[in-house]
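In each ligand, atom 1 is the first atom listed, and ligand 1 is the first ligand listed. The structure displayed is predicted, hence computed values, not measured ones.
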Amino acid sequence: MIQPLVFKFGGASIKDAASIKNVAQLVKKRWTNSLVLVVSAAGNTTDRLEEVIELSLKEKRYDKELLELLTYHEDLCRSLFSPEHPIFTRVDNHFAQLRRLLETDTLKAEEGFFYDQIIGYGELISTRILQEYLCETGNPCIWQDARELVRTDSTTRMARVDWALTMQHCRRILIPKLEQFPVITQGFIGTDLLGNTTTLGREGSDFTAAILGVSLGASAVTIWKDVAGILNGDPDIFPDAVKFDYLDFEEAAEMTYYGAKVIHPKTIKPLAKHGIPLYVKSFLNPEMAGTVIGSFGQAPRIPITIFKNNLTLIDLRIRDLSMVGGFHFECIYEVAKKANWRIQLVQASAAHLRVLIQDMPVSDEQLTRPFRDVFQVQIRRQLKMITVKNPTDAEVKHYRQVAEKCYLEQKSPELVQWVYEPEYP
Ligand code: ASP
Ligand code: MG
């Protein structure tokens with residue numbers, strides 16, 4: 001068998017019938033057995049399902065929202081298939097299952113578990129539609145339930161992958177199929193050891209593509225996006241943003257850590273470990289080169305600007321007159337580890353420590369309590385951070401003004417960061 005190739009398509013690439021036709025066209029041009037397509041939910045289905053879940057948990061009515069989702073998918077199908085095509089029954093069946101799950105109150109005892117059982121229906125349905133459409137238009141491919149492939153622990157909403165088991169399942173299940181036909185499967189979902197559906201975190205389909213790529217020893221993974229590749233700034237904010245042709249794994253991983261949204265943060269590490277290149281290409285312009293992420297070493301030192309939202313600053317002043325030392329760091333890291341903080345930045349001066357983490361759904365009181373004996377604590381939430389790599393004086397001047405209400409500045413020759421309170425209109 002030729003080495004597998006993994007393509008990932010996000011919700012925007014299949015949001016309507018024209019987009020699905022475009023994806024089909026793109027895939028057909030690159031058709032080979034041993035092609036694995038990893039697909040997200042169509043359009044913003046996942047957001048809509050989150051609303052339905054929320055309503056259901058609050059014991060409120062969600063019929064209207066669910067009907068809108070059904071209509072959206074039926075409309076998609078009506079534009080792609082003849083009225084007697086079996087896809088209509090399939091979609092109806094998925095919605096019937098969905099409704100049944102939403103009505104099963106016993107599932108609601110643990111909200112995260114309830115969420116995981118429902119949220120992946122967007123992917124289950126979208127992959128059915130795309131598979132049927134490809135088959136119908138002369139490109140037979142096999143629909144595969146990703147839950148048979150991606151095995152995880154039972155952490156809800158953000159399950160951790162059991163790599164050994166996943167690799168085993170991928171090879172056993174996928175390789176014989178790929179010898180015959182391309183396979184289409186869902187991003188984002190997996191199963192735990194008890195057979196319950198789990199999810200990999202929002203926007204987790206990129207990560208699924210990496211998991212399957214690594215498990216199959218793919219020659220490359222390609223993420224098809226609505227941007228030309230990875231740029232050095234958000235094109236909505238910087239019209240003259242420059243695309244990288246090549247980017248080193250390390251640099252790309254750093255960019256996602258600072259908040260770049262092009263690729264899911266967990267995607268790069270496994271691919272780098274196995275030396276599998278990651279292509280980021282535009283589904284609107286598939287012939288264009290895009291960006292290749294691989295082992296290239298340092299990228300050219302051009303300025304890169306990245307914004308990140310939803311951050312919490314924990315400001316800790318030592319109560320007695322002792323200066324910052326190992327004890328204080330130990331105290332912080334112990335709490336951080338236990339509470340699973342996603343640390344973004346730590347800054348220390350003589351008697352003052354600042355820890356920036358991603359916002360968490362816990363109260364100020366919960367965040368403050370473990371530190372009160374040693375520190376005076378202040379919490380600031382909903383902050384924003386600007387990171388500029390390889391900054392020039394012009395960038396520093398410009399962003400220092402953007403971050404007008406700045407609570408933290410961190411500077412080194414290759415990096416400047418500002419954490420600030422964004423102004424809400
Ligand atoms: N559909 C899921 C989400 O929107 C997974 C993904 O798109 O990557 O979060
Ligand atoms: Mg999505």
Side-chain angles (χ1 to χ4, degrees), residues 6-16 19-20 23 36-54 65-66 68-69 72-73 76 91 94-95 98 101 111-112 114-131 143-147 149-150 152 155-161 166 184-191 197-214 221-227 230 256 259-271 278-283 309-310 342 358 361:
V6 180
F7 282 1
K8 182 260 166 171
F9 292 98
S13 69
I14 51 163
K15 67 177 193 298
D16 52 27
S19 308
I20 293 178
V23 164
V36 180
L37 306 179
V38 175
V39 181
S40 303
N44 60 2
T45 299
T46 310
D47 293 333
R48 309 299 311 273
L49 280 173
E50 279 192 351
E51 287 164 25
V52 170
I53 291 168
E54 196 64 32
E65 287 75 9
L66 202 58
E68 279 168 10
L69 262 182
Y72 165 66
H73 284 93
L76 269 183
V91 171
H94 275 308
F95 273 90
L98 193 53
L101 286 171
E111 294 188 1
F114 182 63
Y115 176 94
D116 283 348
Q117 306 320 300
I118 288 164
I119 198 77
Y121 270 84
E123 271 75 8
L124 292 170
I125 298 167
S126 69
T127 46
R128 281 289 181 198
I129 296 175
L130 187 59
Q131 184 237 356
W143 186 88
Q144 170 66 50
D145 192 326
R147 293 170 296 186
L149 308 173
V150 179
T152 70
T155 311
T156 59
R157 294 174 197 260
M158 189 69 80
R160 275 183 287 260
V161 175
T166 299
I184 172 163
T185 193
Q186 308 78 42
F188 185 45
I189 54 174
T191 350
T197 303
T198 54
T199 56
L200 302 174
R202 284 302 308 266
E203 308 301 330
S205 299
D206 291 356
F207 185 33
T208 304
I211 295 169
L212 301 189
V214 165
V221 171
T222 305
I223 297 183
W224 295 92
K225 308 269 310 177
D226 56 0
V227 288
I230 298 189
T256 62
K261 288 185 205 71
V262 195
I263 321 163
H264 187 273
K266 285 188 184 163
T267 311
I268 294 164
K269 193 171 140 192
L271 293 175
L278 174 65
Y279 290 79
V280 179
K281 284 174 63 104
S282 163
F283 59 77
N309 297 326
N310 305 328
R342 301 228 234 138
Q358 290 185 22

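- Taking 4.0 Å as the cut-off, Gly204 counts as a neighbour of ligand 1 on heavy-atom distance.
- Between Ser40 and ligand 1, at least one pair of N/O atoms sits closer than 3.5 Å.
- Not one N or O of Lys8 is nearer than 3.5 Å to an N or O of ligand 1, by distance alone.
- Ion pairing between Arg202 and Glu50 holds under the 4.0 Å rule for side-chain N and carboxylate O.
- Counting heavy atoms from C-beta on, the side chains of Gln144 and Ile184 never come closer than 4.5 Å.
- For the ligand labelled ligand 1, residue Glu123 lies inside the 4.0 Å heavy-atom shell.
- Not a single ring-ring contact (aromatic ring centres under 6.0 Å, His included) links Phe188 to another residue, sequence neighbours left out.
- Against a heavy-atom cut-off of under 4.0 Å, Ser205 is close to the following atoms of ligand 1: 5 (C), 6 (C), 7 (O), 8 (O).
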Worked verdict on Ser13 versus Ser19 for side-chain hydrogen bond (donor to acceptor under 3.5 Å, both in side chains): CA-CA 6 Å; Ser13 69; Ser19 308; over 6 Å; no

side-chain hydrogen bond (donor to acceptor under 3.5 Å, both in side chains) evaluation trace for Thr197 with Arg147: CA-CA 7 Å; Thr197 303; Arg147 293 170 296 186; 3.1 Å; yes

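- The ligand atoms of ligand 1 that sit less than 4.0 angstrom from a heavy atom of Arg202 are 3 (C), 4 (O), 9 (O).
- Counted within 6.0 Å of OH on Tyr279, heavy atoms from surrounding residues, nucleotides or ligands total 12 or fewer; the atom is thus considered open.
- Looking at Gly201 next to ligand 1, no N or O pair under 3.5 Å apart turns up.
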